[in-house]
Amino acid sequence: TIDGVLGPDVSMRRRVELLNRKRVMLTTLGSAGLKMMFENIDPFDLLIIDEASQATELSTLIPFSKLRDGTGRCVLVGDHKQLPA
């Protein structure tokens with residue numbers, strides 16, 4: 001988690017500043033809905049969802065909502081032979 005990397009004493013403003021300078025960000029579908037991620041982070045140009053065959057449609061809505069309007073792209077990666085979600 002970002003707490004594990006930065007430590008608990010780093011301000012929310014500094015965390016958001018660092019995340020907005022990202023080139024690549026990795027998160028779980030669930031963590032993409034955290035208040036810090038959802039309200040403060042700039043939209044993504046590209047979203048890659050791994051294990052997409054295990055994801056429910058509802059769990060993908062939050063990261064999809066963070067795609068840049070009109071130009072954001074998404075890649076769903078998954079094995080269709082895995083068990084359904």
Side-chain angles (χ1 to χ4, degrees):
T1 66
I2 195 163
D3 284 336
V5 173
L6 299 177
D9 297 331
V10 176
S11 71
M12 181 65 73
R13 182 176 180 189
R14 179 69 177 140
R15 291 166 192 251
V16 170
E17 180 183 295
L18 290 170
L19 288 172
N20 276 325
R21 292 187 352 208
K22 79 236 171 259
R23 293 185 57 92
V24 174
M25 181 186 302
L26 305 173
T27 185
T28 63
L29 291 173
S31 294
L34 294 175
K35 183 177 180 178
M36 180 181 71
M37 295 285 291
F38 191 75
E39 293 180 355
N40 301 306
I41 304 302
D42 295 338
F44 301 117
D45 295 315
L46 175 64
L47 170 66
I48 300 172
I49 298 179
D50 191 20
E51 300 291 342
S53 62
Q54 295 295 312
T56 63
E57 291 87 352
L58 195 55
S59 70
T60 63
L61 289 179
I62 292 172
F64 270 116
S65 72
K66 293 301 295 179
L67 279 173
R68 191 170 307 280
D69 289 342
T71 60
R73 295 171 291 151
C74 179
V75 176
L76 300 173
V77 181
D79 183 352
H80 66 282
K81 295 192 183 225
Q82 288 182 336
L83 296 174

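Worth saying up front: this structure is predicted, and the values here are computed from it rather than measured. Along the sequence shown, the residues carry numbers beginning at 1. Because only heavy atoms are used, hydrogens play no part in the values below, and waters and symmetry mates are left out as well, while side chains stay in.
Residues forming a side chain to side chain donor-acceptor pair (under 3.5 Å) with Arg73 (at least two apart in sequence, or on another chain): none. Residues passing the salt bridge (charged side-chain N to carboxylate O under 4.0 Å, His left out) test with Arg68 are Asp45, sequence neighbours excluded.
The other residues sharing a hydrophobic cluster with Ile48 are Leu46, Val75, Val77, where clustering joins ILVMFWY side chains under 4.5 Å apart.
Under a hydrophobic clustering in which Ile, Leu, Val, Met, Phe, Trp and Tyr are joined whenever their side-chain heavy atoms come within less than 4.5 Å, directly or via other members, Leu61 and Leu47 fall into different clusters.
Nearest heavy atoms, Ser59 versus Ala55: OG-CB, 3.8 Å. In terms of heavy atoms, Ala52 sits closest to Ile49 at CB-O, 3.7 Å.
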